[in-house]
2 protein chains.
Amino acid sequence: MKGHQVTIKDIAKILHISPSTVSRALKDHPDINPKTKKNVQDLAKKLNYKPNQVALNLLQKESKIIGVIVPEIIHYFFSTVISGIEKIANEQGYHIIIAQSNESYHKEVENVQALMSSNIDGFIITMAKTTMNFDHFKNIETVGVPMVFVDRSCDEVTADKVLVDDFDGAYKATKHLIDNGCKTIVHLAGPQNLEIGIQRKEGFLAALNDANVPVSDFSIQICDSHDHALRLLPELLSKRNNIDGIFAVNDLTAIGAMKAVKAMNKKVPDDVAISGFTNSFISYIADPELTTIDQKGFEMGQHAARMLLKRIKSDENYGPVTTILNTELVVRKSSLRKK
Amino acid sequence: MKGHQVTIKDIAKILHISPSTVSRALKDHPDINPKTKKNVQDLAKKLNYKPNQVALNLLQKESKIIGVIVPEIIHYFFSTVISGIEKIANEQGYHIIIAQSNESYHKEVENVQALMSSNIDGFIITMAKTTMNFDHFKNIETVGVPMVFVDRSCDEVTADKVLVDDFDGAYKATKHLIDNGCKTIVHLAGPQNLEIGIQRKEGFLAALNDANVPVSDFSIQICDSHDHALRLLPELLSKRNNIDGIFAVNDLTAIGAMKAVKAMNKKVPDDVAISGFTNSFISYIADPELTTIDQKGFEMGQHAARMLLKRIKSDENYGPVTTILNTELVVRKSSLRKK
DNA sequence: AGTCATTTCGCAAACGTTTGAAATAGTATC
DNA sequence: GATACTATTTCAAACGTTTGCGAAATGACT
């Protein structure tokens, strides 16, 4: 069925010379007779010769491929991270091979092993939420394949990391709500066993504290999904009618809250101002458009790729580097009040 | 820096036997002494031996990798397609390598060439909008690498295709609006040089025709972006106050229209019912949630992968197959009126 | 003891490419 | 006409694995 790409051997046979001569001619080696060189190069172009990457890979132990493992590419954040990675990788002649863990530890282990045997030059990984055992990462480490963690940190393995300053982001979002006149702000918080859940909550509390805004017993609600917010907020708002600000741990939850607030005939932002976190595409779709914290997925991806490629190309074994990117407050209508 | 994965040669050296014996022992070849077999297998397990895919690839001319080229993975539709592909591919022991064209012809050509020299076993491609020359695809064809087109068809190349019935989808959406009492429906149409733009418009017109709903001079508006809809609709609605239904060529445009309608203090769906097309994630985010046509990205991906793998594994050279998937009407609040 | 079969293993080639070293041919020098 | 040098080309090994074929060793049977 499958034909075959033109090889150096084919060219050699046609021109009645040896493969090594062809190889050298193609890369302008000074030892080769200019006439031979021209013959070879012309024929190569004519036959559309392209070097077989697999053979080069086997020989040189580098595949020019980096493996990317993320939970799910359908999430806007991860697809922006991937785009950032691909951009930098392509610029430096690398390709990426993508595998999804679907937040499953087992799928993650499978993916790591499969990619390891494909002579991947390096890994960029966002761990699955369910990953508690890190042997598969340690295996990567011992074999000596470079690896960068993105967004979710794994302290048990020495590797480069690209994180985002969740605390500061939450702080900025909360301060922004306060600055817009919110007196009673609720934080819809993520699970408190995850670092991002904790950091964003702490940033929220710190901002309240610095502005001398009192914290109530209902200030923090564990609620991190669209539907949960849709259920929770009517109840919460009817009990606490003075709530005038909501900072949600992610955009989707913020939008759920927004819908609930509107359904109770309260105005966003005038009655209740709302901020999300991530700056995913949907924050632009919401009505009113959602104020949020840009988590810089594209930049994270770019940084991760640069760090990885630097390590791939480096000979010395410098210690692990952690980059923490700054978030950015994106002010849109859901929080902007005329003062 | 980089250590190295354990190879067959390593095992052979340790056990003072030849690589060929190790190879055979590992795959339970009957020629091998059970005792040797056990030694080899035990040591392999202990050293965590994993066969080097690259070497196998070079030898057997198959990489177990399929190349996927799409315009942009950040688009919900494409990421669902990819998820569908990955699922089927993984089930059959394949991995996918993803490249984005960013709707650029040149990037697409580059990607094709780069993946070709990586001994990809097959391609799944959604062409860039700007692609008008098909030599790079013809090259794939002549080399004999199987290829499946998804969503956007390319008639100049013989290859399998997975498409969706745009005409029928548009027909169903329009009929649904009519069934919900809409008398004056506007279609926000895509560019009429693209097949999907044409098909969706034709489906719209056919539905109107079958229901004896008259077509006005303003029934079709070329408008296929969120912002364009935001600008266009206030103008349109003030001129034509009787418009009571909108069928947009995609969800994003539909949501832009929805925002504009709401801003004019008209109610969705009671004053104006709206339907989009694609069923992307944002249709669930819109307020009210958007009725739309499910374009079945995940299923398209799965189909494409199955078709490709079938061809990869097949010896006979059967003719190209085109699969046209049915869309599905997803009814949500933006179009549902109490009759 | 010679023949034959059986069991177990190693050799060598192959996949496509690169590269140090060796070989060949040609030219110049003495 | 021998030596040395240069220019150009080829050889062979290597990357890790598979596999047809042959080799060696063992045992059984005549």
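The chains referred to below are lettered A, B, ... by the order of the sequence lines, with proteins before strands, and numbering in each begins at 1.
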Let me know the distance between [atom1] of [X] and [atom2] of [N], rounded to the nearest Å.
X	N	atom1	atom2	value
A:I8	D:dA14	CD1	P	20 Å
A:L56	C:dT18	CG	P	5 Å
A:L58	C:dT17	CG	P	12 Å
A:H29	D:dT9	NE2	C1'	12 Å
A:D28	D:dT8	CG	C1'	15 Å
B:N57	C:dA14	CG	C1'	14 Å
A:L15	D:dT9	CG	P	11 Å
B:D31	D:dC21	CG	C1'	11 Å

After noting the C-alpha distance and the side-chain angles of A:K87 and B:E72, does the key distance pass the salt bridge (Lys or Arg N to Asp or Glu O under 4.0 Å) rule? CA-CA 12 Å; A:K87 174 157 183 282; B:E72 295 181 289; over 6 Å; no
Identify the heavy atoms of A:M300 and A:V162 that sit nearest to each other, and give their distance.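 Closest approach of A:M300 to A:V162: CE-O, 3.4 Å.
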Might you point out which heavy atoms bring B:V150 and B:T126 nearest each other, and give the distance in Å?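 Between these two residues, the closest heavy atoms are O-OG1, 3.1 Å.
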Charged N to carboxylate O under 4.0 angstrom, [X] versus [Y]?
X	Y	result
A:R152	A:E103	yes
A:D151	A:K161	no
A:E195	A:K129	no

Answer yes or no: does a side-chain N or O of B:K9 lie under 4.0 Å from OP1 or OP2 of D:dC15? yes
Taking the side chain of B:K27 as heavy atoms from C-beta outward, which of C:dT18, D:dT17, D:dT18 is closest to it?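 Selected nucleotide: D:dT18.
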DNA chain D contacts among residues 32-51 of chain A, heavy-atom distance under 4.0 Å: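 Output list: A:I32, A:N33, A:T36.
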Give, ordered by number, those residues of residues 17-26 of chain B having at least one heavy-atom distance below 4.0 Å to an atom of DNA chain D; if nothing qualifies, reply none. B:S20, B:S23, B:R24
On DNA chain C, nearest-nucleotide positions of A:V6 versus B:P30: which is more 5'?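 Its nearest nucleotide lies further toward 5', so the answer is B:P30.
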If you assign B:H16 and A:N52 each to the DNA chain C nucleotide with the nearest heavy atom, which residue ends up on the more 5' nucleotide?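 Its nucleotide being nearer the 5' end, the pick is B:H16.
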Side chains of residues 30-41 of chain B: which donor-acceptor pairs under 3.5 Å do they make with residues two or more places apart or in other chains?
{"from": "B:N33", "atom 1": "OD1", "to": "B:K35", "atom 2": "N", "distance (Å)": "2.8"}
{"from": "B:K37", "atom 1": "NZ", "to": "B:H29", "atom 2": "O", "distance (Å)": "3.1"}
{"from": "B:K38", "atom 1": "NZ", "to": "B:D42", "atom 2": "OD2", "distance (Å)": "2.6"}
{"from": "B:Q41", "atom 1": "NE2", "to": "B:A25", "atom 2": "O", "distance (Å)": "3.1"}

Under 6.0 Å from the six-membered ring centre of A:F77 and within 45° of its axis: does the NZ or CZ of A:K296 meet both? no
CZ of A:R311 to CG of A:N317, rounded to nearest 0.5 Å, is 6.5 Å
With a 4.0 Å cut-off on heavy atoms, is B:L59 in touch with a base, just the backbone sugar-phosphate, or nothing at all? base
